[in-house]
Protein chains: 2
Amino acid sequence: MSSANSLAVEDLGSAAQRDRRKRILDATYQLARDGGFDAVQMRAVADRADVALGTLYRYFPSKIHLLVSALGRTFEQAEAAMRGKPVPGDTAADRVISVLKKTTRGLQGDPHLTEALTRAFMFADASVAAEIHDVGMLMTSMLTHAMDPERGGEVTDDDVAIARVIGDVWLSALVAWVTGRSTAADTAQHMETAVRLLLRD
Amino acid sequence: MSSANSLAVEDLGSAAQRDRRKRILDATYQLARDGGFDAVQMRAVADRADVALGTLYRYFPSKIHLLVSALGRTFEQAEAAMRGKPVPGDTAADRVISVLKKTTRGLQGDPHLTEALTRAFMFADASVAAEIHDVGMLMTSMLTHAMDPERGGEVTDDDVAIARVIGDVWLSALVAWVTGRSTAADTAQHMETAVRLLLRD
DNA sequence: GGACGAAGTGGAACGTGTTCCTATTATGTC
DNA sequence: GACATAATAGGAACACGTTCCACTTCGTCC
């Protein structure tokens, strides 16, 4: 599902246009990875992509759309790479904490990229609600799977509710970490405490 | 206290200074309530508060500091209005839900204000940590008080941890509502579920 | 009262996201 | 090939957060 106003790949007829779009997204990715949200400046993106500023705005109507388009898929891939692998841990709480730690470590390996992505998502309005919802669903299913690895697709309402609460805590902790208000260790500790409160067996 | 922080009330010697600070926060509140984040423009705030732009920046080093401080004051007032009054509800969960509903209803009655304050909260970096910490402590103490109205200042570590998790859920739900990803009813339902998961007696 | 430093005023100026305009280049049609 | 239309280049212009500067007012100490 493409964003409401960005030009999607399938909307572009010519190879030159698809190439322009790719150059723009490449430039965005590099700038975000190297310098975070503030380094993704529209003139810099246009410059690096060898495209006029007006053209950039023709393809992506705002900096937020640009970042969400450029980084959304990267984020999904990073999350999906974790799916399917066996989750270590004897209790549900241990397994959930393991998943959370691995996910968080992955994001923290590219701090600038994560900062740019998180800021863009937090600033985004309803036009990117679908993408954000997808990420939330992915997170929830990852967590319910960690809670009940045996059970195939069968999860209780309680499990889903708990997973959503953990997802909320995770998001808050991520924002706090991205904005420099807490350290990686604080983030991990806080999430572990929350999980043990919710999954006390 | 470095110059990167907002000037707190207790730092201000003269009555004229306290009055300037109050006028600034009043102007911020009004602009935010009427037009949201984008309407809180520094020149407009300075203008309405009858203060020079440089003076505004002397009291609050950025728009984010300004908005977060305004949020803090609003919270203080809400908490003061609630203090002393008995919290209805027979169980801790009922009382916490009552407090959350009242607070949330207040915020949802002023959607523009809530949007402005939530955006500021999500965009705040480490330099606003002090102000955000104040808000977090206020929220936490409101919640722990609802959990144990009898106990004076005595709260367990568990109570504080639970209150923090509830605060995270509340913030996530607020962001979802502000960005149009969930309705007010969804928000209330989700928070109630989270509280009952955390405070099952 | 006078001196002096801190605080405030008024406004210019700068950076970056966004919009807009004109000239130029591709692209498709006859 | 000639033309019409769309896309792009190039860049000026605007909006708003932020910084800075020259000047004035306020408060305090002698």
Side-chain angles (χ1 to χ4, degrees), chain A residues 5-9 11-24 27-28 31-32 35-70 116 119-120 122-125 127, chain B residues 1-24 27-28 31-32 35-70 116 119-120 122-125 127-128:
Chain A
N5 297 324
S6 303
L7 266 60
V9 184
D11 297 334
L12 301 173
S14 82
Q17 285 175 321
R18 282 193 297 276
D19 191 56
R20 271 194 199 89
R21 193 186 138 95
K22 181 181 181 305
R23 289 204 310 273
I24 290 172
T28 304
L31 288 167
F37 187 87
D38 288 343
V40 181
Q41 301 183 0
M42 300 305 269
R43 289 173 181 82
V45 171
D47 223 40
R48 186 178 289 220
D50 208 21
V51 142
L53 190 57
T55 304
L56 171 55
Y57 272 93
R58 195 177 143 61
Y59 280 70
F60 300 96
S62 79
K63 173 171 175 172
I64 298 300
H65 281 82
L66 177 59
L67 278 169
V68 169
S69 298
R119 281 244 152 100
M122 290 297 104
F123 218 73
D125 59 6
S127 75
Chain B
M1 197 73 68
S2 90
S3 66
N5 288 329
S6 308
L7 266 58
V9 184
E10 53 267 23
D11 297 334
L12 300 174
S14 81
Q17 285 175 320
R18 281 192 297 278
D19 191 57
R20 269 192 202 90
R21 188 177 198 276
K22 180 181 182 305
R23 289 205 310 272
I24 290 171
T28 304
L31 288 167
F37 187 86
D38 289 343
V40 180
Q41 302 183 359
M42 300 306 267
R43 290 174 181 84
V45 171
D47 224 38
R48 185 177 291 219
D50 209 21
V51 142
L53 190 57
T55 304
L56 172 54
Y57 271 93
R58 175 175 228 304
Y59 280 71
F60 299 96
S62 78
K63 174 172 174 170
I64 300 298
H65 283 82
L66 179 57
L67 280 169
V68 172
S69 298
R119 281 252 157 94
M122 291 295 97
F123 224 70
D125 65 0
S127 73
V128 206

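Letters A, B, ... mirror the listed sequences (proteins, then strands); counts begin at 1. Source: prediction; values computed, not measured.
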Heavy-atom pair with the smallest gap, counting every atom of A:Thr28 and A:Ala70: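 Looking at all heavy atoms of both residues, the shortest contact is CG2-CB, 3.7 Å.
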Check the pair B:Lys63, B:Val45 against side chain to side chain contact (heavy atoms under 4.5 Å, CB included), reporting the backbone distance first and the verdict last. CA-CA 10 Å; B:Lys63 174 172 174 170; B:Val45 171; over 6 Å; no
Interface with DNA chain D, restricted to residues 37-51 of chain B and to heavy atoms under 4.0 Å: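 Contacts with DNA chain D under 4.0 Å: B:Val40, B:Gln41, B:Met42, B:Arg43.
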To the nearest Å, how far apart are [X] [atom1] and [N] [atom2]?
{"X": "B:Gln17", "N": "D:dC26", "atom1": "CD", "atom2": "C1'", "value": "10 Å"}
{"X": "A:Arg20", "N": "D:dA6", "atom1": "CZ", "atom2": "P", "value": "17 Å"}
{"X": "A:Arg58", "N": "C:dT25", "atom1": "CZ", "atom2": "P", "value": "18 Å"}
{"X": "B:Arg21", "N": "C:dG8", "atom1": "CZ", "atom2": "P", "value": "13 Å"}
{"X": "B:Phe123", "N": "D:dG17", "atom1": "CZ", "atom2": "P", "value": "13 Å"}
{"X": "A:Leu53", "N": "C:dT16", "atom1": "CG", "atom2": "P", "value": "13 Å"}
{"X": "A:Arg23", "N": "D:dA7", "atom1": "CZ", "atom2": "P", "value": "17 Å"}
{"X": "A:Ile24", "N": "D:dT8", "atom1": "CD1", "atom2": "C1'", "value": "11 Å"}

Please tell me if B:Tyr57 has a side-chain N or O lying less than 4.0 Å from either OP1 or OP2 of C:dG8. no
Is it true that B:Asp47 and B:Arg43 make a salt bridge, defined as a side-chain N closer than 4.0 Å to a carboxylate O?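 No, no charged N to carboxylate O under 4.0 Å.
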Want to settle it: does B:Leu56 or A:Lys63 sit nearer the 5' end of DNA chain C, counting the closest nucleotide to each? B:Leu56
With side chain to side chain contact (heavy atoms under 4.5 Å, CB included) as the criterion, how do A:Arg119 and B:Asp125 come out once you've worked through the C-alpha distance, each side chain's angles and the decisive distance to 0.1 Å? CA-CA 11 Å; A:Arg119 281 244 152 100; B:Asp125 65 0; 4.0 Å; yes
With sequence neighbours left out, write down each residue that passes side chain to side chain contact (heavy atoms under 4.5 Å, CB included) with A:Ser62, or none if nothing qualifies.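 Side chain to side chain contact (heavy atoms under 4.5 Å, CB included) list for A:Ser62, sorted by chain: A:Ile64, A:His65.
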Does B:Phe123 form a side chain to side chain contact (heavy atoms under 4.5 Å, CB included) with B:Phe37? I'd like the steps, not just the answer. CA-CA 12 Å; B:Phe123 224 70; B:Phe37 187 86; 5.8 Å; no
